[in-house]
Structures are given as C-alpha cells and as structure tokens.
Asker: 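Here it is, the structure, as structure tokens.
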Amino acid sequence: MFNFIIKRLLAMIPVLIGISLLLFFMLRMLPGDPAQVLAGQMASAEEIETIRRQLGLDRPIYEQYLSYLSRLAHLDLGRSARTQNPVIEEVWARLPNTMLLAVAAISLACLFGIPAGVVSAMRPYTWVDYLVTMASLFGISMPVFWLGIMLVVVFSVILKWLPAGGTGSWQHVILPSVTLASFVVAFIARMTRSTMLETLNQDYTTTARSKGLKENVVVIKHALKNALIPIVTVVGLQFGLLLGGAVLTETVFAWPGLGRLIVDSILARDYPVIQGTILIFGLLYILVNLAVDILYALIDPRIRYD
Amino acid sequence: MIEATEKGVCRPPHEFSTDTGLRRFCFKLRRNRAAVAGGVMLMVYLAAALLAPLLVPGDASAPNLIRALEMPSPGEPLGTDELGRSILGRILYGARVSLLIAVGVVAVGLFIGVPLGLVSGYFGGKIDFGIQRATDAMLAFPGFLLALALVSVLGVGIKNTMISIGISMVPQYIRLVRACVLTVRAEVYVEAARAAGTRDGMILWRHILPNVMVPITVQTSLSMGTAILFAAGLGFLGIGVQPPTPEWGTMLGSARNYLFHAPHVATFPGLAILLAVLSFNLLGDGLRDALDPRFKV
C-alpha cells in the first residue's frame, strides 16, 4: 500500500506540471500587456515597469516558467492585487469554510443517494424506481443556484426557520449544504441503482439467499458491499462538480469560501488570486482522486496494489 | 456530467449505418416515452425562440418602471421584473440566447475536440501522448472552474461565454472520439483503404469520422444541457452574458436582490433553465439507450 501511495504521488507530477503550464499561460493569454492589466488603468509607466520586473516579464519565457515553478514549490502564489496580502494567506483563510461545505454536502448526498439507489434497484420498474429515476434526472438538470434561491424563499423568507446566508452556527450550514448535495445525490443514486441491479443478480447473491439469509443481510452485506467500488468512484468524480457548484452556492448564501473568493477576484480582475485559487481547486481534486484510489483497497480486499 | 460512453455507445458504430440498424434505432427511440417527452419539450423551446418576436411584440429589454415587480396576473402571466419588463417575454427571448450559446459551445467543442481526438486515436505515438497529457491537465480542473478561469481571461459577453465553456468541454470530446477511433481503426475496411493507398487524411474523413458520429451525436445532446447550465451559472455570477440581454442566468442573478418582496421574479427563469436542461438530458439518455445493443425494448 505504501509503495502504491508513493507511485500515485509520483504520477501526480506530470499532471501538476500540466496544471502549472495552463495557469502560467493563462496570464500570458490576457489581451495586451499583463503588467499593465495587473497594475491597473491608472498606473504610471514606472509602476508598470516595476511590476514587469517583479513578475520577470522582461526575461525569456522558459526562465519565467522555471521561476514560476520555483515560487510554486515554495508555496509563493504572489500577492493579491486588491489587498496586497499573500495569496496563500487569503486562500488558507477560506479553505476550511469550503471544505466544511463540501464534506457536509458529500455526507448528505451519500446518506440519501445510496439508500435511494438501493431501494430503487430492489424494486426495479415499479413506481418507487420511476420516482427515484425521475428525481435523479431533475436533480442533474436543476441549476444549483436556483435551488438555493428557492430554499431561501421557502425556509428563510416564508417559514423563517433558517438564516438566508452567512456563517456562525450550524443552522447556517444546512441550506448551503443541502443545495450543494442536491446535484451530487442524483449521480450517486443513479450509479448505486445500476450497480446494485448487477450485483443483486450475481451468483453469490443467489447463494446467500438460498442459505436462508434475511433479505436485509443479503442486500447490505453481499450486494451493496460489492457495489461500493463504482459508487466510491462516482463520489470522487463528483467532488469536482461539487467544487464547481461551491462557487455558485457560496455566492447565493454569501458563504466566505474559496468559491466566493474566486468570483470576487474575477470581478476585481485580481489575477494572482484567481490563479492561486484555481491551483488549489485543481490540487484538491487530484488529492481526492488519490484518496478514492486508496479507499478501493480498503473497501475491496481483492484489490492489492503491491 | 452525464457522458455518452456511460453505457458503451461507442462499441457498435458501424451497425447503425445499415437500414435495419437505423430502423431499430428509430423504433427504440419512439418507444422511449422519456426521450419523446424530451424531444417535444425541445421543440417547444425551439418554437419559443423562433417565434419570440411574434409572441412578444416590442422590446423585451425596454424598462417600464411604473410596472416594476408586479405579481403574475392575466395580463402578465409570469409578472414583471425589477425594471417592469415582462418576465414571460424575457424568458422567450432568453430561449434564443441560451439555445444560441448551447449551439456555439458545442460547435467550439466539436471543432477543436473531434479533430484532436481523431488524430490522437489514429496516429498514436508521440502525437497521442502529447494530446493526452494536455487533456489530463485540462481534466484536472472541474469543467465549470475551467470555464470560469477562461472567462476571467477572455472577458464577459455572449461570444466569450461560448468560447470559454466550449473549450472546457474539449477534453471530453477528445477522450470520447479517441476511444471510438481506437476501436474503428482496426476494422477491415480501414485496413483495406490503407492497403489501397488512400491517404491518412482521406481515411480519417471518409472512413473513420462517419463511424464515430453516433457517440458524438449522443454527447452533443448531453453537452447542450450542460452548456445551458454553465452559461446560466456564469450569467448568474455576473461574468457571463451581460444585462440588458435577456439570459436566464443573468435574470436570476438580478432577481436575487428582490427575494423578500417578489420571489416570483427568481422562480420562472430557474424553471425555464431546469426544463431546457431536462429536455436535453432526456433526449440524450434516450438516444444512448436506443444506440446501446444491450438495452432491449
């Protein structure tokens, strides 16, 4: 297992180089002079020249990239054009909020999605199955930000049960996490249903039933346990969608996370923060996929990476 | 995002070039009530987009502050927004913008992704390695975030929204087309064309591309739904289509400020997005099921 984790970490290097190249050229794709864009419209020629030197834009492109890589390796993501704070500090301050939202949403999605998929697969082509299938399709098609707004209208404006936005208590987490989970729960339910339909028809499930085991034991210990690998894969892949959804959900609920930071930075054309936040999002996505790979081995003893 | 490869549509592309295959496909598609419902909903949206000037005479963007935030009534079935404009009128005109963006996004994805996927799968070797590593790097970012990053560089507006979302979908097209080319390039007719001295470009254009069109069609239907969602998301954040152009996401973005007084302003544009995306997803799912040999009617 240890060797596997080391190999997977090494395999991340080419992807990380690819990400760094994308982010590096993102700033160079800006129409006009990047130094002028970063300095702002009112900047003097000296200020622009200083920024050009600071960014190393007066040096050859390969030198610029190597210096960018070296700064990244030291976690130096530059300074925010708005606040002048180091980008890493801005990101670090908001990361726990986004992680809290993401973990709450994924937990909710698993809590509802997996049982919904199991029930749907146990009674295929009945009204329960059709209900779950249609609900999943609606979930996938629904804009998360609209659902968030509708939840605010019902639970904050009409019923006055929950706060409409902000942070501070556990009540503040409910609406944003439900909104974010709605999208992922649909995918998890769909995948659980299709995988369970296969495992429920396997020989080992028939054997378990013929031994006289209770249906609940057959479903949970034999069918669901074997269906977990594709479900965990989907949960990992959906984490990316969840990060995208977090940008919108955090905006609806004024949640001070990375998503809100990136939107504010785009509106203020604060490129160092945009680059830094996107890099952290990319890293999070890769690390979650690594965690999923490790989980495979823990869930299924047949998988041995050594 | 739902993908065309989910149920192995890629597997038997050449089967559908025959009359029997096509007839079986049409029969399966017609029997799929969800796909038919999706198709009908899509037709309604297309009709609304085309007939918007006839259905709503006048300028849908012209403000009329005396009638601001009116509740739904027989005269204004969906009420008015904060500037007194008809919400129904703006939703109908919004269908034009959203469908235009969806088509533009898919066009960008197709024009960049399909040739790269064809070349990557057909030639293999270093070209394949280079294209696939670039694809890996793009796939390391969730699609919406990639679109967001590109919009931050390119700027706001309809054209840049299309380009940004379109580029974010390129990796999926590359992967899908490459996977299909890998199965098709070993077919006897490709070998025969090569043996007859046909040039690689001609083989790709005349023999391989027609046989990967089926999964591309399915992916296109599913991508259009995602494109509408992404465009609405960017519009909602204020970095997509800009006011006063009627776009559903932008409408929702400005409606957010009036939730306590006029929640109806936010309700209807969201429903329009939901049903449009649902229609593309239902149709895409139906197409995929009809093309999957394992799926029996």
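Every chain is numbered from 1, with letters handed out A, B, ... down the list of sequences.
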Asker: Which bit of A/Met142 comes within less than 4.5 Å of chain B, counting heavy atoms only: side chain, backbone, both or neither?
Answerer: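 The answer is both parts of A/Met142.
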Asker: Can A/Glu250 and A/Thr98 be counted as having a side-chain donor-acceptor contact under 3.5 angstrom?
Answerer: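 There is such a pair (donor and acceptor under 3.5 Å, judged by atom type) between the side chains of A/Glu250 and A/Thr98.
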Asker: Could you go through residues 132-139 of chain A and list every donor-acceptor pair under 3.5 Å that involves a side-chain atom there, pairing it with any protein atom two or more places apart or in another chain?
Answerer:
| unit_1 | atom_1 | unit_2 | atom_2 | d |
| --- | --- | --- | --- | --- |
| A/Thr133 | OG1 | A/Asp129 | O | 2.7 |
| A/Ser136 | OG | A/Val132 | O | 2.8 |

Asker: Ring pair (Phe, Tyr, Trp, His ring centres under 6.0 Å): which pairs involve residues 249-280 of chain B, sequence neighbours left out?
Answerer: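 Matches after skipping sequence neighbours: none remain.
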Asker: Under 6.0 Å from the six-membered ring centre of B/Tyr45 and within 45° of its axis: does the NZ or CZ of B/Arg96 meet both?
Answerer: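 Geometry flag: not set, cation outside 6.0 Å or 45°.
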Asker: Quick check for you: among B/Leu282, B/Ile239, B/Leu278, B/Val156, which has the greatest number of heavy-atom pairs under 4.5 Å with chain A?
Answerer: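 Answer, by heavy-atom pair count under 4.5 Å with chain A: B/Leu278.
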Asker: If we define contacts as heavy-atom pairs under 4.5 Å, which of A/Gly282, A/Pro143, A/Gly18 has the most with chain B?
Answerer: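 Going by pairs under 4.5 Å, I would pick A/Pro143.
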Asker: Is chain B contacted by the side chain of A/Ile19, its backbone, both, or neither, given a heavy-atom distance below 4.5 Å?
Answerer: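 Interface part for A/Ile19: both.
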Asker: Tell me, side chain or backbone of A/Ile262 under 4.5 Å from chain B's heavy atoms, or both, or neither?
Answerer: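 For A/Ile262, side-chain heavy atoms alone lie under 4.5 Å from chain B.
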Asker: Counting heavy-atom pairs under 4.5 Å with chain B, which one of A/Val153, A/Leu243, A/Thr251 comes out on top?
Answerer: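 If we count pairs closer than 4.5 Å to chain B, A/Thr251 comes out on top.
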Asker: Is there a donor in the side chain of B/Thr250 and an acceptor in the side chain of B/Gln242, or the other way round, less than 3.5 Å apart?
Answerer: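 No, no side-chain donor-acceptor contact under 3.5 Å.
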Asker: Looking only at heavy atoms and a cut-off of under 4.5 Å, which of B/Leu139, B/Leu145, B/Ile273 has the most pairs with chain A?
Answerer: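 Heavy-atom pair counts peak at B/Leu145.
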Asker: Do A/Tyr130 and A/Ser120 have a side chain donor and acceptor closer than 3.5 Å?
Answerer: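 Short answer, no.
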Asker: If you tally heavy-atom pairs under 4.5 Å against chain A, which of B/Ala266, B/Ala34, B/Gly238, B/Ala276 wins?
Answerer: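 So the answer, after comparing B/Ala266, B/Ala34, B/Gly238, B/Ala276, is B/Ala266.
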Asker: For A/Val247, which atoms come within 4.5 Å of any heavy atom of chain B: side chain, backbone, both, or neither?
Answerer: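 For A/Val247, the contact with chain B is made by backbone and side chain together.
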Asker: Would you mind checking if B/Arg133 and B/Asp128 are paired as a salt bridge, meaning a charged N to carboxylate O distance below 4.0 Å?
Answerer: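 Salt bridge flag = no for B/Arg133 with B/Asp128.
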Asker: Sort B/Leu252 into side chain, backbone, both or neither according to what part of it lies under 4.5 angstrom from a heavy atom of chain A.
Answerer: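 Interface part for B/Leu252: both.
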